[in-house]
Amino acid sequence: MRKMWSFLLAALALTGCAAAPADALPAAETAETAEMTTTETEEAAAQPVGFTVGNLSEVPNTCGGYWGWNTGDAYYEIARLDDENDQESMHALLLKTDYATAQQTVLCNVPGCTHDNAACPAWLEDWARTDLLVMPSGIYLSYAGLDDTSPWEQVEKACRDDFEQGNVKNFADEEAYIDYCRHNYELSSRPSSIEKLNDDLTARETVLTFDPSLLGSGYFAYCDENALYAKEYSDANNSRILRLDLTTGEWSTLPLNLGEQVRGVNGHRFLTSRLLTDAPLPDYNDREAYNAALQNARSELVWLDPATMQREKICETERLDGSTIYVKIYNDRVYVQDNPQERSEYGTSYSLSYYSKDHQHTVLIDTLPMNLYLPSTDNGFMPIFGSEERGWIWAQDYTGNGEINYLIDLDTGEMHTMTQTQYRDGMYMGVSLMAQTNDGRWMVGYKPHSNTHNDRCDYGFIDPQEFWNGSENYTPVQMWD
């Protein structure tokens, strides 16, 4: 099913949409703004540069259930529902794991609900391009529509060709397959939207819709208590930050400098980097001259206050995205992977280093394992809108037989090997570090939920120090099914 649906998405998607001009951003359509005129929209979008933000946090990648939304008291997620009778199913449920009770429940209070159709507020027919948001004002779903779609006639022809070539296995009747494709086409070509669950979890309604092209090449990466923030980066043009108010549907845009891009957030500020060159960069379209100018470029990292547009310099580094890769910021230090070392034709090793506020470069680990992957466990592990910094990163090594997981101490450089494993897809692999609770426990995904729901884990709680010591003595969560 995944293969067939990927084919349909490929037929739908078109690339290369240009970013909408910053002074032409209409408000998202809500009950309050549906009557807004073009003039009013342009006036709203042309407000002075700069806007006030709340407590900023990174938006976890909850699409497809890979990560969830951690409030510190509970873990919210989109759980994929694998169907033994329909391998192409994209169905999912919205689940909540309460840390105090160690119970997982469906986000639905409809009496007698079977949680398997659109009458259930927690049921999703298609989880693709959908993210879960848990804000002080309620529980939301953010759907990212396609920037552009092919005409149905073109998609229909591709579907019929696929059927006639014998590539469709689950449909014996061609027209039934075309009806299926048409339904998915209409599902995928709907506009971007924000939906909200009612406070009593008995219904879900659309509260905002907007044209996907408003985001240009950007995507929602951050949030505060009231809004979503998209970052859009361009080598050729000025980048920007866009703000969508979830209450009013109003858009605001914050132009950035040429070559400036957002790397993270902390409190009320954005972490950005920009290129420093000895002379102004040539025109981007003069590729030879532009690339030559980059050879001696450096990167400057700053804290950007979006309300005042003031920038506080943190440090300078070797040029990021060259042979230096940004990892994270911790304790006013900017951590990078740098000093690439070709180990063999199969891979490269890096050093793990950091730059301090006085621009000093310190090597924390001289040689990391070859092709070490540093997944973003900042993305959802710590409580959203929380203030506590995490002094370690989770690293994965796939170059040997199986998988080796490490916890790297960002103060000492100690690489602690995780011995806890789970058996999944015919091999042993590391357990998943899902979330830290407000009372300091870790929630760990320590084994597949079942053969049918192999994409999901059973959860358990454990003290962090016990986990570092190798313990697998988890306090299990009572899963919803």
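Residue indices begin at 1 and follow the sequence shown. Since the structure is predicted, the reported quantities are computational estimates derived from the model, not experimental observations.
- Taking CG from Leu95 and OH from Tyr75, the interatomic distance works out to 11.0 Å, rounded to the nearest 0.5 Å.
- Here the side chains of Trp303 and His268 are not in contact, with every heavy-atom distance at 4.5 Å or above.
- A donor-acceptor pair is defined here as one N or O able to donate and one able to accept, closer than 3.5 Å; no such pair exists between the side chain of Gln396 and the backbone of Trp394.
- The structure places OH of Tyr180 at 13.5 Å from CZ of Phe163, a figure rounded to the nearest 0.5 Å.
- Residue Gln420 qualifies as enclosed at atom CD: its count of foreign heavy atoms under 6.0 Å is above 12.
- Side-chain atoms of Asp409 come within 3.5 Å of backbone atoms of Thr412 as a donor-acceptor pair (strictly under, hydrogens ignored).
- A donor atom on one side chain and an acceptor atom on the other are not found under 3.5 Å apart for Ser239 and Gln261.
- With Ser353 contributing its side chain and Val336 its backbone, the two residues share no donor-acceptor pair below 3.5 Å.
- Here the side chains of Ser299 and Tyr326 are not in contact, with every heavy-atom distance at 4.5 Å or above.
- Taking 4.0 Å as the cut-off between side-chain N and carboxylate O, Glu156 and Arg160 count as a salt-bridged pair.
- A 4.5 Å side-chain heavy-atom check between His416 and Trp392 finds every atom pair outside the cut-off.
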Derivation and outcome, side-chain contact (heavy atoms from CB on, under 4.5 Å), residues Met309 and Leu304: CA-CA 6 Å; Met309 292 303 292; Leu304 169 64; 4.3 Å; yes
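- Between atom CD of residue Glu225 and atom CE of residue Met135 there is a gap of 7.5 Å, rounded to the nearest 0.5 Å.
- Using the six-membered ring where Trp is involved, Tyr290 and Tyr284 have ring planes that are perpendicular, over 60° apart on the 30 and 60° scheme.
- Smallest separation of non-hydrogen atoms from Pro340 and Tyr350: CB-CE2, 3.7 Å.
- Taking the six-membered ring where the residue is Trp, His361 and Tyr355 present tilted rings, their angle falling between 30° and 60°.
- A salt bridge links Arg269 and Glu312; the closest N-O separation between the charged side-chain nitrogens and carboxylate oxygens is under 4.0 Å.
- Of the inter-residue distances, the one linking Leu215 atom CG with Arg240 atom CZ reads 8.0 Å to the nearest 0.5 angstrom.
- In this structure, CZ on Phe210 lies 4.0 Å from OG on Ser192, to the nearest 0.5 angstrom.
- Enclosure of atom CG in Asn291 by more than 12 non-hydrogen atoms of other residues, nucleotides or ligands within 6.0 angstrom is indicated.
- Distance alone, capped at 3.5 Å, places no donor-acceptor pair between the Gln436 side chain and the Met382 backbone.
- Residues Asn55 and Asp224 are not in side-chain contact: their nearest non-hydrogen atoms beyond the backbone lie 4.5 Å or more apart.
- Residues Asn339 and Val363 are not in side-chain contact: their nearest non-hydrogen atoms beyond the backbone lie 4.5 Å or more apart.
- Aromatic ring centres of Phe381 and Trp442 lie closer together than 6.0 Å.
- Considering every non-hydrogen atom in both Cys223 and Tyr229, the closest pair reads CA-CD1, 3.8 Å.
- In terms of modelled atom types and a separation under 3.5 Å, the side chain of Trp67 and the main chain of Pro60 share no donor-acceptor contact.
- The closest donor-acceptor contact from the side chain of Asp245 to the backbone of Glu250 lies at 3.5 Å or more, if one exists at all.
- Salt-bridge annotation for Arg182 and Glu186: present, with a side-chain N of the basic residue lying under 4.0 Å from a carboxylate O of the acidic one.
- A donor-acceptor pair is defined here as one N or O able to donate and one able to accept, closer than 3.5 Å; no such pair exists between the side chain of Arg263 and the backbone of Ser273.
- In the displayed structure, Lys313 atom NZ is contacted under 6.0 Å by more than 12 heavy atoms of other residues, nucleotides or ligands.
- Formation of a donor-acceptor pair under 3.5 Å by the Ser351 side chain with backbone atoms of Asp366 is found in this model.
- Contact between Val53 and Pro306 at its shortest, heavy atoms only, is CG1-CG, 3.7 Å.
- The main-chain N or O of Ser213 is found under 3.5 Å from a side-chain atom of Asp211 such that the two form a donor-acceptor pair.
- Atoms CD1 and CD1, from Ile365 and Ile408 in turn, are 4.5 Å apart once rounded to the nearest 0.5 Å.
- Between the side chain of Tyr76 and the main chain of Leu132, no donor-acceptor pair closer than 3.5 Å is present.
- For the salt bridge (Lys or Arg N to Asp or Glu O under 4.0 Å) test with Glu316, the passing option among Lys357, Arg274, Arg298 is Arg298; the others fail.
- Across Cys315 and Ser356, no two heavy atoms sit closer than the pair CB-O, 3.3 Å.
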